[in-house]
Amino acid sequence: MANPTTAITPTRSENYSEWYQQVVRAADLAENSAVRGCMVIKPWGYAIWENMQRVLDGMFKETGHSNAYFPLFIPVSFLEKEAAHVDGFAKECAVVTHHRLEMGPDGKLIPAGELEEPLVVRPTSETIIGATYAKWVQSYRDLPLLINQWANVVRWEMRTRLFLRTTEFLWQEGHTAHATREEAVEETMKMLKVYANFAEGWMAMPVLQGRKTDGERFPGAVDTYCIEAMMQDRRALQAGTSHFLGQNFAKASEIQFLDAQGERQFAWTTSWGVSTRLVGAMIMTHSDDDGLILPPKLAPAHVVIIPVVHKPEDSAAIQAWTRSLADELRKQSFDGRSVQVQLDERDMRGGDKAWNWIKKGVPVRVEVGPRDMAADSVFMARRDKPHKEKLAVKRGDFIQGISALLQEIQDGLFKRANDFRIANTKVIDDAKEFEAYFAAPKVAENVPTPIHGGFALAHFCGDPKVEAQIKDRLGVTVRCIPLEMGNEPGKCVITGAPSPQRVVWAKAY
RNA sequence: CGGGUUGUAGCGCAGCUUGGUAGCGCGUUUGACUGGGGGUCAAAAGGUCGUGGGUUCAAAUCCCGCCAGCCCGACCA
């Protein structure tokens, strides 16, 4: 590591999934824990999640929702109430069967006090919330019921990766109940838009909005809508989902109300969620071979100031100058908050500090040494530009311009990601071309597959069996039936059967 | 869950085939020299070799179980 050209090895093109893990570690976002598949989210990673929470929570409140909290444990019998739901989640449930530990003869603790009815650790909360709503909803006057909870959930996955798929993860789940189908559908779409707005406006991550095919739908939902993003390895990542649950869960949990005519009706429900997976999505959308790149609106620090002190006698003056610079920057605002400034006064070499913050993805770095002080300027670098590209800026101009600069970086990241997605999205009408587009380059066994493929916009007849075959053969699925695209009819790229519109095909996380 | 592979100092690794009680690079600490970019020199600290058992006079090394990571599958709103 004497003089590497990149801070992260391997690079994205050498080994994408290893690169991802190294970025997570280099930026000090999270690490594996002693428990299989469960991560420790470290302060820098958690700060990003807190920013996501803050923004999303504000959006949920603006759309009329309130937060509440429901139990971690769900009686197994609750899960049994909705057949499709059971199918979808039973395989990945952690089950609590005992409530006490006793010391065994060999000094080891053994479970004792078997529960009459086992509890599952929530993989999602439709059933427990449904049972609660059944009590809360009596009259049409109790509707709509608009509630969100911030919680952890557990899904016993076979293969895990930090942030992208872990056994335990943090998320929010909104659960609403409505008097009419129309209202519930409207809610489903409204929250989908909230997610899309957040992804694009705050994460600087372009997303496709669409509906899931039968095969990809949430277990128990009538319709699942999603936002799908393209990662830099050109695979699709589902970044959020919004479900129209119809009356399925209302019937399973007996959420009923008397309407204005005094008739007994089942409520119409929705649920919607995003998780800490968004952190993984953000990493894989923007970061480069020098580490994390944070969109300013979600960065725990917008600006890091690195004092450059070579002679002890300069120290006091530089400290005073940089502290006042930090204070003035904090008086500026960006995205409705004060500019977040990190003043790095650690007793370390300047170069080490700079690389530390590059890897952590801070949008703007400034260095201040005696020469800058004398010139009343700062030496500035942007994380979205090559790390050698640095510029002296007058102090006053820098302070005045910081908000606009952060917005420019934010917009630039979105544009770069959007251009990437466009460049790797292809309209395909020919079966052979479709196959060639997704065919994996041949490599040795047990070696990561090189980056290839992308999004294909192709017609699909809608037959789940055809989709399953393609998945078996190419590892490609329909990510969504996009909402934005017109209903241009055509012929299925696989079977030639009539197709109402193009869908998005891709390999997925 | 199947196949493969890995686990030795904070990080990256060597040592294991042919058992003889641990080494390298980076990092860390201290000192000096440096000084607008992950610097140079010197000294030092730091390891029950993932874990539990077995074989042996002796195990990082051989055998078995378990735990965890990674890759390829299967699976996964």
Side-chain angles (χ1 to χ4, degrees), chain A residues 1-7 9 15-18 20-22 25-26 28 31-39 84-85 87-92 106 108 123-124 126 153 155-162 164-167 171 173 211-221 223-226 228 238-243 245 271-275 277 290-291 306-312 314 318 347-359 365-373 378-379 381 387-388 390 392 440 443-449 471-472 475 477 479-480 508-509:
Chain A
M1 283 269 284
N3 194 14
T5 49
T6 60
T9 45
N15 185 342
Y16 191 82
S17 66
E18 179 65 19
Y20 173 79
Q21 294 172 78
Q22 294 303 326
R25 191 169 60 175
D28 213 22
E31 63 188 36
N32 280 306
S33 70
V35 185
R36 180 198 187 99
C38 294
M39 64 177 167
H85 200 60
D87 276 355
F89 285 111
K91 293 185 293 295
E92 47 190 67
D106 56 357
K108 298 234 167 82
T124 180
E126 274 75 6
V153 285
R155 295 181 188 177
W156 212 265
E157 302 284 358
M158 288 299 127
R159 199 171 165 182
T160 60
R161 303 178 87 190
L162 293 173
L164 298 174
R165 172 168 285 116
T166 48
T167 300
W171 79 344
E173 47 181 327
R211 185 165 52 84
K212 286 294 189 187
T213 57
D214 295 354
E216 298 274 327
R217 197 189 299 135
F218 176 75
D223 269 318
T224 287
Y225 295 86
C226 61
E228 294 277 334
Q238 178 177 297
T241 49
S242 185
H243 314 292
L245 302 174
S271 67
W272 28 274
V274 296
S275 70
R277 180 179 241 203
D290 285 328
I306 303 173
V308 179
V309 183
H310 295 307
K311 298 189 186 115
D314 294 336
I318 291 174
D347 181 19
M348 277 169 62
R349 290 179 175 286
D352 289 347
K353 286 190 202 178
W355 279 103
N356 190 259
W357 295 111
I358 289 171
K359 288 185 277 194
R365 302 189 307 283
V366 295
E367 292 160 21
V368 178
R371 277 190 252 155
D372 305 296
M373 247 172 27
V378 300
F379 207 43
H387 64 83
K388 285 184 179 149
K390 288 179 289 191
V443 286
E445 291 239 344
N446 296 321
V447 165
T449 314
K471 185 179 178 183
D472 282 350
T477 50
R479 297 324 304 152
C480 70
Y509 272 93

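Below, chain A is the first sequence line, B the second, and so on; all start at residue 1.
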Determine whether A:Phe379 and A:Val308 make a side-chain contact, defined as any pair of heavy atoms from C-beta on separated by less than 4.5 Å.
-> no
Under 3.5 Å on both distances, the Watson-Crick or G-U partner of B:A14 = none
What does A:Pro123 touch in the nucleic acid at a heavy-atom separation under 4.0 angstrom: a base, only the sugar-phosphate, or nothing?
-> nothing
With P as the reference atom in both, quote the distance from B:A22 to B:U18 in angstrom, rounded to an integer.
-> 22 Å
Report, as yes or no, whether the 6.0 Å neighbourhood of atom CH2 on A:Trp171 holds more than 12 heavy atoms from other residues, nucleotides or ligands.
-> yes
Provide, to the nearest angstrom, the distance between the CZ atom belonging to A:Arg161 and the P atom belonging to B:G69.
-> 14 Å
Taking any strand in view, what nucleotide pairs with B:U21 in a Watson-Crick or G-U wobble way, both distances under 3.5 Å?
-> none
To the nearest angstrom, the OH-P distance between A:Tyr16 and B:C71 comes to 13 Å
Across every strand shown, the nucleotide meeting Watson-Crick or G-U wobble geometry with B:G52 (both distances under 3.5 Å) is B:C64
Rounded to whole angstrom, note down the P distance from B:A44 over to B:U55.
-> 42 Å
In terms of side-chain heavy atoms of A:Asp372, which of B:G69, B:G36, B:A77 is nearest?
-> B:G36
Determine which nucleotide pairs with B:A44, using a 3.5 Å limit on both distances of a Watson-Crick or G-U wobble pair.
-> B:U28
Whole-Å distance, A:Leu162 CG to B:A68 C1', equals 13 Å
Can you tell which of A:Lys212, A:His243, A:Arg211 makes a side chain to side chain donor-acceptor pair (under 3.5 Å) with A:Thr224?
-> A:His243
Residue closer to the 5' end of RNA chain B, A:Arg365 versus A:Asp87 (nearest nucleotide) | A:Arg365
Kindly write out the residues that satisfy salt bridge (Lys or Arg N to Asp or Glu O under 4.0 Å) with A:Arg479, not counting sequence neighbours, or none if the list is empty.
-> A:Glu216, A:Glu228
Whole angstrom is fine here: how far is it from CD in A:Glu157 over to C1' in B:G73?
-> 16 Å
So which one's nearest nucleotide on RNA chain B is more toward 5', A:Thr241 or A:Glu18?
-> A:Glu18
Quick one: is B:C70 close enough that its OP1 or OP2 comes under 4.0 Å of any side-chain N or O from A:Ser17?
-> no
So what does A:Gly88 touch, heavy atoms closer than 4.0 Å: a base, only the sugar-phosphate, or nothing?
-> sugar-phosphate
Is the phosphate of B:G38, meaning OP1 or OP2, less than 4.0 Å from a side-chain N or O of A:Arg349?
-> no
Choose from B:A77, B:C72, B:G69 the nucleotide whose nearest atom is closest to any side-chain atom of A:Asn32.
-> B:G69
Using atom CE of A:Met158 as one end and atom P of B:A74 as the other, report the distance to the nearest whole Å.
-> 15 Å
Sugar-phosphate only, base, or nothing, as touched by A:Trp171 at under 4.0 Å among non-hydrogen atoms | base
Using the P atom in both, what is the distance from B:U61 to B:U6, to the nearest Å?
-> 15 Å
Looking across every strand, which nucleic acid part, if any, lies under 4.0 Å from A:Gln238 by heavy atom: base, sugar-phosphate, or nothing?
-> base
In whole angstroms, the gap separating C1' of B:G73 from CG of A:Asp472 amounts to 12 Å
Could you state the CE-P distance from A:Met39 to B:A68, rounded to the nearest angstrom?
-> 17 Å
Would you call A:Pro307 and A:Val368 a side-chain contact if the rule is heavy atoms closer than 4.5 Å?
-> no
Measure the spacing between CZ of A:Arg25 and CG of A:Leu162 and express it to the nearest 0.5 Å.
-> 10.5 Å
Taking the P atom of each, how far is B:A14 from B:G53, in whole Å?
-> 28 Å
Hey, are the side chains of A:Lys359 and A:Asp28 touching, using non-hydrogen atoms and a 4.5 Å cut-off?
-> no
Validation row: A:Lys353, A:Arg365 side chains within 4.5 angstrom (heavy atoms) | no
Please state the P separation for the pair B:G20 and B:G25 - nearest whole angstrom.
-> 23 Å
Sugar-phosphate, base or nothing in reach of A:Lys353, heavy atoms under 4.0 Å = nothing
Identify whether any heavy atom of A:Lys359 sits under 4.0 Å from a base atom; if not, whether one sits that close to sugar-phosphate; answer base, sugar-phosphate or nothing.
-> base
May I ask which nucleotide in the shown strands pairs with B:A59, Watson-Crick or G-U wobble, both distances under 3.5 Å?
-> none
Close N/O contacts between protein and nucleotides 8-14 of chain B (under 3.5 Å):
from, atom 1, to, atom 2, distance (Å)
B:C11, O3', A:Arg25, NH1, 2.8
B:C11, O3', A:Arg25, NH2, 3.4
B:G12, OP1, A:Arg25, NH1, 3.3

Say you pick atom C1' in B:A77 and the same atom in B:G4; how far apart are they, in whole Å?
-> 31 Å
From CE of A:Met373 across to C1' of B:G36 the rounded distance in Å is 14 Å
Work out which heavy atom in A:Pro219 is nearest to a heavy atom in A:Gly88; give both atom names and the distance.
-> CG-CA, 3.5 Å
Looking only at side-chain atoms of A:Gln21, point me to the closest of B:C71, B:C1, B:A77.
-> B:C71
Could you check whether A:Gly37 gets within reach of a base, just the sugar-phosphate, or nothing at all, counting any heavy atom under 4.0 Å?
-> sugar-phosphate
For the side chain of A:His243, starting at C-beta, report the closest nucleotide among B:A77, B:G36, B:A68.
-> B:A77
Quick one: does A:Asn356 reach the base of B:G38 with a side-chain donor-acceptor pair under 3.5 Å?
-> no
B:G54 versus B:G38 - spacing of their C1' atoms, nearest Å = 48 Å
What's the shortest heavy-atom distance between A:Thr124 and A:Glu173, and which atoms?
-> OG1-OE1, 3.6 Å
Would you check if A:Ile318 and A:Pro370 make a side-chain contact, meaning some heavy-atom pair closer than 4.5 Å?
-> yes
Base paired to B:C1 (Watson-Crick or G-U; both N/O distances under 3.5 angstrom) | B:G73
Can you tell me, in whole Å, how much space there is between the P of B:G23 and that of B:C33?
-> 33 Å
